[in-house]
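Excluded from the calculations below are hydrogen atoms, water molecules and symmetry mates; all remaining heavy atoms, backbone and side chain alike, are included.
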Amino acid sequence: MRHIYRHEMRQYWKTLLLWSICVGGMGMACILLYSGMQEEMAGMAESFAAMGAFSAAFGMDHLSIATLKGFYASEVGTIHELGGAMFAAVVSMTMLSKEEDGHTSEFLFSLPIARGKVVWTKWCVVCTNLLLFHVLCVGFYGLGFLLLGEGIPGKELLLYHVMQLLLGLEMAGICFAVSAFFRQNRLGVGLGLVLLFYAYDLVSRVAPEMEKLSILSPFSYANASKILGTGEIAAGGALLGVGALVLALGTAYVKYTGKDQM
């Protein structure tokens with residue numbers, strides 16, 4: 001299993017580096033832009049706060065965009081949560097299906113290796129990539145705060161990025177399970193799921209009748225403005241996310257190992 005793990009990590013290191021630099025770099029650039037836009041943001045804050053549904057959709061009803069914390073939540077938060085979820089989909093959606101799509105499964109499963117062990121080894125690769133992605137991105141953001149000369153809101157930022165990691169794991173688990181049903185790579189399906197969940201989260205923030213169902217989206221418990229504004233997490237949504245992750249991994253395991261009998 002060590003050989004499979006190392007092989008998969010070597011295959012994905014360029015993807016990890018590219019996504020980390022792009023997402024982390026854009027987030028750091030936004031942080032550095034804050035000092036130059038601070039006066040303009042102060043004038044725009046009142047206008048944004050009075051925009052009703054638009055303010056709620058982008059979390060401006062919890063934090064003022066004129067503050068560094070509010071600016072981070074609205075700008076960096078949007079980049080990070082979408083970029084992180086898409087990265088999770090990119091890595092996990094191809095992890096299981098690529099063996100059959102690339103016709104390498106004939107060699108891999110001719111070895112005395114159980115499919116179940118392959119599933120868990122590949123999932124460990126997904127988790128490692130996600131963890132490294134978040135560490136690298138947080139490193140970029142921390143560098144941005146350092147260069148800006150501003151203090152880092154430690155507790156709130158830690159809670160936010162822990163929830164972002166859980167969001168990435170849940171999205172990865174769902175895509176991991178979906179990929180077990182395909183014999184060809186379906187990356188578009190994974191990216192489509194991310195955008196679908198994100199759009200659902202936006203709509204649920206502005207539609208009162210959907211508020212109670214907002215926890216169905218992984219983005220609900222990882223919302224930057226709520227966490228950075230209150231310093232609290234949505235425990236119900238997070239628990240549901242953990243449950244969805246466990247269910248998705250179980251589905252992936254059963255489906256992929258069942259291919260031996262097909």
Side-chain angles (χ1 to χ4, degrees), residues 1-9 11-12 15-16 19 81 83-102 104-105 108-109 113-135 161-198 200-201 215-222 233-262:
M1 293 297 104
R2 292 196 307 270
H3 300 296
I4 295 177
Y5 179 85
R6 290 172 184 170
H7 173 73
E8 295 293 349
M9 288 300 299
Q11 282 200 321
Y12 283 94
T15 303
L16 167 66
W19 277 83
E81 64 185 18
M86 285 184 172
F87 174 72
V90 166
V91 174
S92 59
M93 197 68 203
T94 59
M95 189 60 71
L96 293 179
S97 60
K98 68 187 180 117
E99 301 297 346
E100 290 166 293
D101 186 45
T104 56
S105 58
L108 178 62
F109 296 116
I113 302 173
R115 279 183 180 264
K117 289 185 178 180
V118 172
V119 171
W120 296 127
T121 302
K122 285 176 174 284
W123 175 246
C124 286
V125 173
V126 173
C127 292
T128 303
N129 275 278
L130 283 177
L131 182 60
L132 290 174
F133 170 81
H134 284 278
V135 168
H161 284 289
V162 168
M163 289 298 101
Q164 281 295 314
L165 180 58
L166 178 57
L167 161 65
L169 288 171
E170 184 182 352
M171 283 306 314
I174 292 171
C175 292
F176 197 68
V178 171
S179 72
F181 287 83
F182 292 104
R183 295 183 181 275
Q184 293 180 318
N185 290 334
R186 292 289 187 269
L187 181 56
V189 175
L191 296 176
L193 285 172
V194 171
L195 294 177
L196 181 64
F197 278 123
Y198 183 74
Y200 179 87
D201 180 58
I215 62 172
L216 296 178
S217 170
F219 290 93
S220 65
Y221 59 78
I233 61 173
L239 287 174
L240 185 62
V242 172
L245 173 59
V246 172
L247 179 62
L249 292 179
T251 301
Y253 180 85
V254 171
K255 177 61 180 177
Y256 201 72
T257 55
K259 289 183 178 181
D260 282 331
Q261 285 76 48
M262 292 177 63

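- Taking the six-membered ring for Trp and thresholds of 30 and 60 degrees, F219 and Y198 have ring planes more than 60 degrees apart, a perpendicular arrangement.
- For the residue pair L130 and A172, the shortest heavy atom distance occurs at CD1-CB, 3.8 Å.
- In this structure, the side chains of T251 and F176 stay at 4.5 Å or more apart for every pair of heavy atoms.
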Could you go step by step and tell me if Q11 and V125 meet the side chain to side chain contact (heavy atoms under 4.5 Å, CB included) rule? CA-CA 10 Å; Q11 282 200 321; V125 173; over 6 Å; no
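- Side-chain contact between L240 and Y221 is absent, with no heavy atoms from C-beta onward closer than 4.5 Å.
- Between A252 and A177, the shortest heavy-atom contact is CB-CA, 3.7 Å.
- Closest approach of S92 to M171, counting heavy atoms only: OG-O, 4.4 Å.
- Between V162 and H134, every side-chain heavy-atom pair lies at or beyond the 4.5 Å cut-off.
- Two residues are said to be in side-chain contact when any heavy atoms from C-beta on lie closer than 4.5 Å; F133 and V91 fail this criterion.
- Here the side chain of K122 pairs a donor or acceptor atom with the backbone of M95 at under 3.5 angstrom.
- The minimum heavy-atom distance between A222 and Q164, with the atom names listed, is O-NE2, 2.9 Å.
- Between the side chain of D201 and the main chain of F197, no donor-acceptor pair closer than 3.5 Å is present.
- One finds the CG atom of L131 at 10.0 Å from the CG atom of L16 (value rounded to the nearest 0.5 Å).
- Side-chain contact between L195 and M86 is present, with heavy atoms from C-beta onward closer than 4.5 Å.
- Annotation: W123 is not in aromatic contact with Y253 [ring centroid separation under 6.0 Å not met].
- Looking at every heavy atom in both residues, G173 comes nearest to A248 through O-CB, 3.3 Å.
- Judged purely by atom type and a 3.5 angstrom limit, T94 uses its side chain to pair as donor or acceptor with the backbone of V90.
- The SG atom of C124 lies 11.5 Å from the CG atom of N129; values are rounded to the nearest 0.5 Å.
- Separation of atoms CG (L166) and CG (L245) is listed at 7.5 Å; rounding is to 0.5 Å.
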Stepwise side chain to side chain contact (heavy atoms under 4.5 Å, CB included) test for V178 and R186: CA-CA 9 Å; V178 171; R186 292 289 187 269; over 6 Å; no
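- A distance of 13.0 Å separates CH2 in W19 from OH in Y12, rounded to the nearest 0.5 Å.
- G190 and C175 get closest at one heavy-atom pair: CA-SG, 3.8 Å.
- Side-chain atoms of Y200 and S220 form no donor-acceptor pair, as typed in the model, at a separation below 3.5 Å.
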